[in-house]
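For reference, positions follow the sequence shown, starting with 1.
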Amino acid sequence: MALKRRQGAGEGIATTALVDEVGRRSLPLHDSQDLDSLLALVGDSHFVLLGEASHGTSEYYSWRHRLSERLIREKGFSFIAVEGDWPDCYRVNRYVRGFQNSGRNAREVLHAFNRWPTWMWANLEVVELAEWLRAHNEKLPETEQVGFYGLDVYSLWDSMRAVIGYLSRMDGQAVGAALRAFECFEPYGEDVQQYARATMWVPETCEDEVVGLLRELRQSGLGYDPPQRAGSDGRESYFNAEQNALVAKNAERYYRTMVRGGASSWNVRDGHMVETLERLMRRHGPGAKAIVWEHNTHIGDARATDMREQGEVNVGQLVREEHGEDDVVLVGFSSHRGTVIAGESWDAPMEIMDVPPGRAESWEDVLHRAGEENKLLLLRDTPRASPMYEERGHRAIGVVYHPEYERHGNYVPSVMPRRYDALLFIDESHALHPLHIEPAAVEEVPETYPTGV
């Protein structure tokens with residue numbers, strides 16, 4: 001999730017013609033009704049991928065909530081899948097679907113997100129979304145309820161523990177494979193970096209163990225367990241265990257490739273996200289529709305950026321290639337200036353940081369110059385001769401951020417109409433509201449505070 005810093009390339013001069021065209025093509029963005037034209041663009045599409053230009057901006061979360069609510073109510077979308085860990089997000093799924101012993105409220109469930117960066121999902125904006133989903137699902141039969149799932153690949157140990165727990169309850173004979181996989185990693189003390197570095201110098205890895213874990217689970221014959229064996233969510237308990245085994249397998253590969261550098265680990269991670277998304281679509285049955293919440297760098301088509309030159313693919317590209325552009329709507333987000341929650345380094349305390357005005361000649365600068373207001377820009381039908389097809393920098397802020405160095409990085413060279421089908425632009429954005437702070441400080445968040453409090 002810590003984004004690579006990239007230099008803008010081939011940006012050229014932001015001509016008056018470009019600024020004027022952005023102004024002409026932009027629609028006002030004040031409330032949910034202003035999303036009508038975007039809903040019309042979605043039409044009967046089965047995939048809507050919603051981005052964000054940072055992992056710590058309130059407006060990105062709140063506008064994705066508004067859009068997701070309309071997609072669920074008016075278009076019958078089946079689930080929301082996010083850039084989060086499967087075990088943590090599955091607890092949210094159990095809560096929003098009202099499963100037994102799933103938590104007293106969304107704040108309690110989300111406060112349990114304790115892996116850095118905690119603020120990505122443990123925040124008030126997601127509490128509001130989860131409570132809305134819970135209220136919406138209460139009126140529906142179980143087969144029509146809207147789920148909430150995590151697509152990411154980081155939860156190696158949590159996922160293995162989940163499989164061990166499941167097999168211990170369901171099949172004492174099959175639990176051996178899970179224990180062997182767990183024991184293989186034990187010498188590294190749950191330090192994935194230590195494991196990854198060790199595999200560079202020693203040929204032995206835990207790959208066979210995690211592959212064996214998934215194979216053993218699939219051969220166990222447990223299938224989808226009847227409710228009387230696994231509780232009110234019994235029909236999903238096997239699916240949850242199988243997904244955790246898949247996470248363990250792909251996480252081992254991700255961490256092993258990460259230390260070698262290059263595009264491989266990025267591609268393993270985004271490939272896992274797409275594999276999980278496809279599993280969820282099959283799980284929800286014919287006609288399923290998916291909403292995805294991830295960073296712009298994951299949902300915006302990589303082929304329209306310098307990621308292509310680096311050999312990187314991403315979720316937006318892969319889903320478009322598999323299902324066709326007419327069935328996939330990619331929606332980017334951006335802002336000109338404001339504040340954001342981020343850290344100065346990995347595992348550093350989270351802070352409210354200033355986001356400076358968009359760099360001169362960047363897309364953020366062009367959008368701001370086209371009118372100092374929030375706007376919706378529909379891109380799918382942009383004429384090929386339009387100046388919108390100029391490549392210029394588009395800001396990307398990760399969980400690690402240094403505003404003072406931004407003008408020398410943080411901008412991804414992008415051809416906007418190829419990267420997205422639409423863009424929501426917030427002229428001045430604000431930091432989101434993390435849960436891991438004292439309740440009295442939520443309305444006025446302090447400049448610096450420790451995570452996990």
Side-chain angles (χ1 to χ4, degrees), residues 10-12 14-53 63-64 66-68 70-71 74-75 77 289-292 294 296-305 307-308 314-335 362-371 373-394 412-427:
E11 289 178 0
T15 64
T16 301
L18 174 58
V19 173
D20 288 346
E21 176 146 359
V22 169
R24 283 195 306 271
R25 297 178 65 86
S26 297
L27 301 170
L29 188 63
H30 302 299
D31 56 40
S32 294
Q33 296 308 308
D34 293 329
L35 298 170
D36 285 353
S37 57
L38 183 50
L39 268 288
L41 175 66
V42 170
D44 296 325
S45 300
H46 290 81
F47 297 86
V48 176
L49 280 57
L50 307 179
E52 58 181 355
W63 276 105
R64 289 187 298 188
R66 292 185 186 104
L67 181 52
S68 298
R70 292 198 60 182
L71 290 170
E74 300 171 37
K75 300 285 187 179
F77 273 70
K289 295 183 178 183
I291 303 168
V292 175
E294 294 192 315
N296 288 340
T297 50
H298 294 294
I299 70 94
D301 195 320
R303 295 169 295 182
T305 75
M307 296 172 69
R308 181 175 187 170
N314 68 1
V315 174
Q317 173 187 339
L318 295 172
V319 176
R320 267 184 172 178
E321 289 176 338
E322 178 64 26
H323 297 279
E325 295 190 10
D326 290 342
D327 203 26
V328 181
V329 177
L330 309 182
V331 183
F333 284 71
S334 182
S335 68
S362 67
W363 280 111
E364 285 68 27
D365 179 49
V366 169
L367 287 155
H368 172 71
R369 289 167 57 188
E373 65 277 325
N374 299 342
K375 52 181 70 77
L376 169 62
L377 188 59
L378 300 181
L379 297 164
R380 178 171 284 184
D381 296 325
T382 305
R384 185 61 187 85
S386 168
M388 297 282 292
Y389 276 86
E390 294 178 9
E391 182 187 79
R392 56 184 65 244
H394 176 28
V412 180
S414 302
V415 179
M416 203 65 83
R418 291 178 177 168
R419 190 171 183 188
Y420 309 119
D421 296 298
L423 180 80
L424 273 70
F425 176 74
I426 310 300
D427 196 62

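- Counting only N and O atoms by type, the side chains of R25 and S386 include no donor and acceptor under 3.5 Å apart.
- Within the structure, every pair that satisfies the side-chain hydrogen bond (donor to acceptor under 3.5 Å, both in side chains) test and touches residues 32-41, not counting sequence neighbours, is listed here: D36-R70.
- For S26, the side chain to side chain donor-acceptor pair (under 3.5 Å) test picks out no residue, with sequence neighbours left out.
- Sequence neighbours left out, the pairs with a member in residues 412-427 that pass salt bridge (Lys or Arg N to Asp or Glu O under 4.0 Å) are R320-D421, R337-D427, R380-D421.
- Remark: D327 engages H46 in a side chain to side chain donor-acceptor pair (under 3.5 Å) (not counting sequence neighbours).
- Annotation: side chain to side chain donor-acceptor pair (under 3.5 Å) contacts of S45 (sequence neighbours excluded): none.
- Heavy-atom minimum distance, L423 versus F333: CD1-N, 3.7 Å.
- Partners of F47 by ring pair (Phe, Tyr, Trp, His ring centres under 6.0 Å), not counting sequence neighbours, listed by chain and number: H323.
- Between the CG atom of L27 and the CG atom of L38 there is a distance of 10.0 Å, given to the nearest 0.5 Å.
- Contacts of E373 classified as salt bridge (Lys or Arg N to Asp or Glu O under 4.0 Å), with partners at least two apart in sequence or in another chain: K375.
- Within 6.0 Å of atom CG in D31, more than 12 heavy atoms from other residues, nucleotides or ligands are found, so the atom counts as buried in its surroundings.
- In this structure E322 satisfies the side-chain contact (heavy atoms from CB on, under 4.5 Å) test together with E278, sequence neighbours excluded.
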- Could you give me the CA-CA distance, side-chain angles and deciding distance for V42 and F77, then say whether side-chain contact (heavy atoms from CB on, under 4.5 Å) is met? CA-CA 11 Å; V42 170; F77 273 70; 4.2 Å; yes
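- Among residues two or more places apart in sequence or in another chain, the side-chain contact (heavy atoms from CB on, under 4.5 Å) test is passed with L318 by V274, V313, E321.
- Side-chain contact check for I299 versus L50: every heavy-atom pair is 4.5 Å or farther apart.
- M388 has its side chain within reach of L377: a pair of non-hydrogen atoms, C-beta onward, lies under 4.5 Å apart.
- Counting heavy atoms from C-beta outward, M416 and T382 have side chains that stay 4.5 Å or more apart.
- Partners of E294 according to the salt bridge (Lys or Arg N to Asp or Glu O under 4.0 Å) rule, which considers only residues two or more places apart in sequence or in another chain, do not exist here.
- Side-chain contact between L49 and Y420: absent, with no pair of heavy atoms (C-beta onward) separated by less than 4.5 Å.
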